[in-house]
Amino acid sequence: MILLTSREAEELDFKVMNKWKIKEETLMETAGSKAVQIIERNINLKNKSAAVLCGSGNNGGDGYVAARYLKNLCVDVVILENGHMEKQGQTSKHYRQIAEEMNIPFVYINNEKELKEQLFNKDILIDALIGSGLKKTLNNEKIKLIEVINEYKGTVISLDIPSGLSGTDGQMKPVCVNADYTIAMGTLKRGHVLYPGVEYCGKTIVADIGYPYIETEKYPVKIFTETEAEKTVPKRNRITHKGKNGHIGIYAGSYGMEGASLLAASGALYAGAGKISLNVTEKVSRSVKGKIKEVMVTALEDGEYFTQKSIEAALEKAMNYKTIVLGCGIGRNEETQKFVKEILTRYDGKIIADADALYAIADQHINLSECKAKLILTPHVGEFSKLTGKDKKEIERNRIDEAIRYAKENKVTVVLKGFPTVTADENGNAFVNTTGNAGMASGGSGDVLSGIIAVMNAQIENTLYDTALAVYMHGKSGDILLKEKGIGYTASELAQTVPYVRKMSENKK
Ligand SMILES: NC(=O)C1=CN([C@@H]2O[C@H](COP(=O)(O)OP(=O)(O)OC[C@H]3O[C@@H](n4cnc5c(N)ncnc54)[C@H](OP(=O)(O)O)[C@@H]3O)[C@@H](O)[C@H]2O)[C@@H](O)CC1
Ligand SMILES: [K+]
């Protein structure tokens, strides 16, 4: 499912009207009627009263149409208006006139007091004040109206996007309607899934208003949905064997951080790896050997952390693997960072570079476009800030575009972890993930993810989809655990829940 900025949404409307000759009247009629169908499915409308607050733009136009369908369902409906109604477009005017001819009452709202009076005793408010046409910061008049809406106790349904919320970056300008439901017209906008916008949308439901999919599928940023997971998840036939399901090589852990290597191995194990080899140093091997029976452990060199001494042995072993995980808990010693640099520049397979490997890339100024390996980088915002030299807040404000830019510039796949996690590839395509929860912000969760990504990349053949699927599964495991146990579930449990998620997606294929 595509995810658009407000500008892209505007551009898509324009294309649909001009190239595909679907008229504005048709789009607005469909938007308003679908909205009421969705409302009817979610709320009992019997004996209910509703106010539809319409602005002067096309969002208000959707509101007039919705008011008509509500009236047809015998809802006691009033239309409230605010804004420069004289600049209303022809299509909105047309639907306004129909509502007038149906004797739906109209009230112009001059100030917040009048809005408060009108909302008194109304069960439902349809917010059609401002949609994706929001420009810059709200004026005082609109801010006060939105504050009244946010004190209102009835059910609030925003058409397209809560008024005051930016569809592009999910920021409030500086306030926005706090909706119970948001009915997104045609497509999701970034503001519906980015923080803090996502907290103000309530339940977001997309109304299909008939955009031709050939036009929409061209947009490069998409949500990785359950449907994508079902289509992408690898399916095994009966004659499979462990060699076919991917031999995963993990180079992880150092003295004191042994657990990271085991968690990456658990991620790979429960995601369904064919074989797993865990490569560590002698001192680490003493504590990890035998901890996971299915994992083969090899000590590449003596000591507490990897150094250049074991590069040749590491590269020789790497020839056996389908994908490699590099970096979880390896530490940030200069010698370890040189070990990372040699692997990245000399190995020509697929590497999932995580945690300390990302620090090595930044500290050793490794030129990623010169690396032979096909790289998947999995930074959280702190690591991404280290890689790019950018401020964390700046990255958070623009996490989708930042991930895409970095992936394109460095010819890598990036998994920018956080809320929401963004998986971007070198061609400028990206998936935004909507599974996962705050319980996953705990030690070891990222190590598990690296293992899952390695397996999905070993079992399917499209890096962007494989990686996005792994991110989806990881988050979904967290969602299952949150429901069953609550916050406090562990990274090990996250790994152990992955088979259930995989089964859910496989069964629906
Ligand atoms: N085009 C189509 O075919 C389709 C479009 N569709 C629908 O149209 C919507 C987009 O419509 P749009 O572009 O007309 O803008 P829209 O969101 O109604 O807001 C404009 C008004 O908001 C106000 N306003 C803005 N900024 C402000 C500020 N800072 N401070 C204060 N006020 C501010 C300003 O009003 P004013 O107060 O100046 O009168 C301005 O006129 C879209 O979300 C979807 O619902 C769908 O039906 C599908 C088909
Ligand atoms: K709205």
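As the structure lists them, so they are numbered: ligands from 1, and atoms in each ligand from 1.
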So do the side chains of Ser6 and Leu134 get within less than 4.5 Å of each other, counting heavy atoms only?
no

Working to 10°, measure the angle at the K ion (ligand 2) formed by atom O of Ile130 and atom OD1 of Asn59.
70°

Once rounded to 10°, what is the value of the angle centred on the K ion (ligand 2) between Ile161 O and Asp127 O?
130°

Using the ring pair (Phe, Tyr, Trp, His ring centres under 6.0 Å) rule, take Phe431 and Tyr472 through it: C-alpha gap first, then chi angles, then the decisive distance, then the call.
CA-CA 10 Å; Phe431 274 116; Tyr472 171 91; over 10 Å; no

If the cut-off is 3.4 Å, does any N/O/S atom of [X] fall short of it from the K ion (ligand 2)?
X	answer
Asp160	no
Gly131	no
Leu159	yes
Ser163	yes
Val177	no

Residues in salt bridge (charged side-chain N to carboxylate O under 4.0 Å, His left out) with [X], at least two apart?
X	answer
Glu8	none
Glu101	none
Glu402	Lys390, Arg405

Under 3.5 Å: donor-acceptor pair, side chain of Glu215, backbone of Pro212
no

Distance, nearest 0.5 Å, that separates NZ of Lys71 from CG of Asn103:
7.5 Å

d(Thr5 OG1, Tyr219 OH) to nearest 0.5 Å is 8.5 Å

Assess the side chains of Lys142 and Asn82: does a donor N or O sit below 3.5 Å from an acceptor N or O?
yes

Once you restrict both partners to nitrogen or oxygen, which atoms of ligand 1 have a protein partner under 3.5 Å, and how far apart are they?
| residue | atom | partner | partner atom | Å |
| --- | --- | --- | --- | --- |
| ligand 1 | 1 (N) | Asp13 | OD2 | 3.4 |
| ligand 1 | 1 (N) | Asn58 | ND2 | 3.4 |
| ligand 1 | 8 (O) | Asn59 | N | 3.4 |
| ligand 1 | 14 (O) | Asn58 | N | 2.9 |
| ligand 1 | 17 (O) | Gly131 | N | 2.6 |
| ligand 1 | 17 (O) | Ser132 | N | 3.4 |
| ligand 1 | 17 (O) | Gly133 | N | 2.9 |
| ligand 1 | 18 (O) | Asn58 | N | 3.2 |
| ligand 1 | 18 (O) | Asn59 | N | 3.0 |
| ligand 1 | 26 (N) | Lys135 | N | 2.9 |
| ligand 1 | 29 (N) | Lys135 | O | 2.5 |
| ligand 1 | 29 (N) | Thr137 | O | 2.9 |
| ligand 1 | 30 (N) | Asn139 | N | 3.2 |
| ligand 1 | 35 (O) | Ser56 | OG | 3.2 |
| ligand 1 | 37 (O) | Lys142 | NZ | 2.6 |
| ligand 1 | 38 (O) | His84 | ND1 | 3.0 |
| ligand 1 | 38 (O) | Lys87 | NZ | 2.8 |
| ligand 1 | 39 (O) | Ser56 | OG | 2.6 |
| ligand 1 | 39 (O) | His84 | N | 2.6 |
| ligand 1 | 39 (O) | His84 | ND1 | 3.4 |
| ligand 1 | 41 (O) | Ser56 | OG | 3.0 |
| ligand 1 | 43 (O) | Ser132 | N | 2.9 |
| ligand 1 | 43 (O) | Ser132 | OG | 3.2 |
| ligand 1 | 43 (O) | Asp160 | OD2 | 2.5 |
| ligand 1 | 45 (O) | Asn59 | ND2 | 2.8 |
| ligand 1 | 45 (O) | Asp62 | OD2 | 2.7 |
| ligand 1 | 47 (O) | Asp62 | OD1 | 2.6 |
| ligand 1 | 47 (O) | Asp62 | OD2 | 3.0 |

